[in-house]
Amino acid sequence: MAEQLAGQWYAALTGLGDLVPKPMRLSALHKVYDTNVRKFARGEMGAVSGIGPDGALLHSNPQIEEVWTGPLLPSPAT
């Protein structure tokens, strides 16, 4: 999910600057939002941790079915 940009968030937070080009960051954020937020519960509950490209929920472990707000919060700051 949005953890793919955690390194960029920490780099910006600590003053290291951009590690990931902005177009790539925006592309990743749009993909996470479109897949993990909009395809889950009509986009009204937040981001689900595990969802397939077709919008089907994944069930490989209990955590994958949870809505995770914490990792998603710093994402727009990247």
Check the hydrophobic clustering (I, L, V, M, F, W, Y; side-chain heavy atoms under 4.5 Å; chains of links allowed) and say if Ile51 and Val67 are grouped together.
yes

With rounding to the nearest 0.5 angstrom, report the OH to CG distance, Tyr10 to Leu16.
13.0 Å

Which heavy-atom pair separates Leu58 from Ile64 by the least distance, and what is that distance?
O-CG2, 3.3 Å

Hey, what do you get for CE (Met24) to CG (Leu19), rounding to the nearest 0.5 Å?
11.5 Å

Taking only residues two or more places apart in sequence or in another chain, which ones pass side chain to side chain donor-acceptor pair (under 3.5 Å) with Glu44?
Arg42

Short side-chain to backbone donor-acceptor contact, Arg25 and Leu5, under 3.5 Å
no

Expected output: side-chain Lys39 to main-chain Pro53 donor-acceptor under 3.5 Å
yes

One pair to check against side-chain contact (heavy atoms from CB on, under 4.5 Å): Val20 and Gln4. What are the steps and the verdict?
CA-CA 10 Å; Val20 180; Gln4 63 186 302; over 6 Å; no

Between CG of Asp18 and CD of Gln8, what distance do you get to the nearest 0.5 Å?
5.0 Å

